[in-house]
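Taking it in order: structure first as structure tokens, then the write-up.
Proteins come first, then strands; the chains are lettered A, B, ... in the order of their sequence lines, and each starts at number 1. For clarity, every value in this text was computed on a predicted model and none was experimentally measured. Computed from heavy atoms alone, side chains included, the values below leave out hydrogens, waters and symmetry copies.
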2 protein chains.
Amino acid sequence: MNNTNLGKKLVIQLDGSSGVPFYRQIIQQIEQAILAKRLLPGDKLPTIRSLAIELKINPNTIAKAYNELEIRGIVVTQVGSGTYVSDQEIDMAENERQEKIEQSVVRFLREMEALGVKRSDIPKLIEAFKEET
Amino acid sequence: MNNTNLGKKLVIQLDGSSGVPFYRQIIQQIEQAILAKRLLPGDKLPTIRSLAIELKINPNTIAKAYNELEIRGIVVTQVGSGTYVSDQEIDMAENERQEKIEQSVVRFLREMEALGVKRSDIPKLIEAFKEET
DNA sequence: AGATTTGTATTATTCATATAGTACAATACT
DNA sequence: AGTATTGTACTATATGAATAATACAAATCT
């Protein structure tokens, strides 16, 4: 698992054991940082070369992720300048948001059940992580 | 997303959009069903051919998943008979279990944050899914 | 103006995943 | 005994992911 700390605004961790392609993990984590307002419009993302070094992966893999983010309008890039969070907000339909919430909760509860965690213990677990994420 | 319902003991859903290889999703969901005691030692898994039809994927993909589960001792297979949950328990070290719990909680909280869900609203969300998983 | 940084584009290679098809042998059933 | 079911094994093909290397052009910095 690789780790990069960029002024605490964006922390990308690649999970080699999840089976999810690296470029998709990068896309997802940047998206989540923007949605959570940890990255704001106009913020500059790390350059392709520097992120590649930090994550110890190939620059083309970063470029692939950035390219897809740009196609979707989430970031804008400028040769010679860099890549920035777009002014355009990520517009997620409310029904899509609700569906993703539901999917995430269901997956989480299944994981907890598989790990033998009682439903009644879950609020305490979450409370314990209050300041840590 | 494919869905298969096998006497309510094992429900496997493949998520084509997650990026996780199908065979790994199958392994993970069977493992979780065993850990959650929805599948018990001695229970028979669906045959390779029948699960392939249910999930609309190639039997070799199922065979690959079952093969890995067998290598890890989680299931036992018998040509002509079938594949069964092993008597051997999945022994997870307590520190590994705690680490997986932590990873799962952190990922879940990040997802909720990205979706704009307030921490204080999470217990209510989880409560709403009490009987649905 | 020149150098540096930045993203873009391309070609090539390797590995992983998934599919398709086929055949074989062991077990279970009739 | 014969048939059906089951898992195993193999070959072949296609696609996706990731890497490696290189070169180019635009923007920024000195």
Check: For B:Tyr23, which contact category applies under a 4.0 Å heavy-atom criterion: base, sugar-phosphate, or nothing?
Finding: sugar-phosphate
Closer than 4.0 Å, any side-chain N/O of A:Thr77 to the OP1 or OP2 of C:dT8?
yes
Rounded to whole Å, the CG-P distance (A:Leu69 to C:dG7) equals 13 Å
Whichever of A:Ser81 and B:Thr83 has the more 5' nearest nucleotide on DNA chain D, that residue is B:Thr83
| Residue-phosphate contact under 4.0 Å: A:Thr61 side-chain N/O, D:dT19 OP1/OP2 | yes
B:Glu111 and A:Lys100 ion-paired at < 4.0 Å
no
Are A:Glu127 and B:Arg119 within salt-bridge range, i.e. N to O under 4.0 Å?
no
note: B:Ile62, atom CD1; D:dT6, atom C1'; distance rounded to Å ~ 14 Å
Self-check item: Carboxylate-amine/guanidinium contact A:Arg97 A:Glu94, below 4.0 Å
Solution: yes
note: B:Glu68, atom CD; C:dA16, atom P; distance rounded to Å ~ 13 Å
Here the distance between atom C1' of D:dT22 and atom CG of A:Asn60, to the nearest Å, is 10 Å
Next item on the list: Please determine, by modelled atom types, if A:Gln28 and A:Gln32 share a side-chain donor-acceptor pair under 3.5 angstrom.
Entry: no
Heavy-atom nearest nucleotide on DNA chain C taken for B:Arg49 and for B:Lys64; more 5' hit belongs to B:Lys64
Check ion pair B:Glu31-B:Arg72 (N to O, under 4.0 angstrom):
yes
Rounded to whole Å, the CD1-C1' distance (B:Ile26 to C:dA18) equals 11 Å
Counting only side-chain N and O atoms of B:Gln78, is one of them less than 4.0 Å from OP1 or OP2 of D:dG7? no
> Is a donor-acceptor contact shorter than 3.5 angstrom present between the side chain of B:Asn58 and the base of C:dG21?
Replying inline: no
Whole-Å distance, A:Ile57 CD1 to D:dA17 C1', equals 11 Å
Looking only at D:dG7, C:dT6, C:dA18, the nucleotide nearest the B:Thr47 side chain is D:dG7
Taken to the nearest whole Å, CG/B:Leu51 to C1'/D:dT6 is 14 Å
With the side chain defined as heavy atoms from C-beta on, B:Ile48 is closest, among C:dT8, C:dT6, D:dG7, to D:dG7
Here the distance between atom P of D:dA18 and atom CG of A:Asp15, to the nearest Å, is 13 Å
Contacts of A:Gly80 and B:Asn67 projected onto DNA chain D by closest heavy atom; the upstream (5') one is B:Asn67
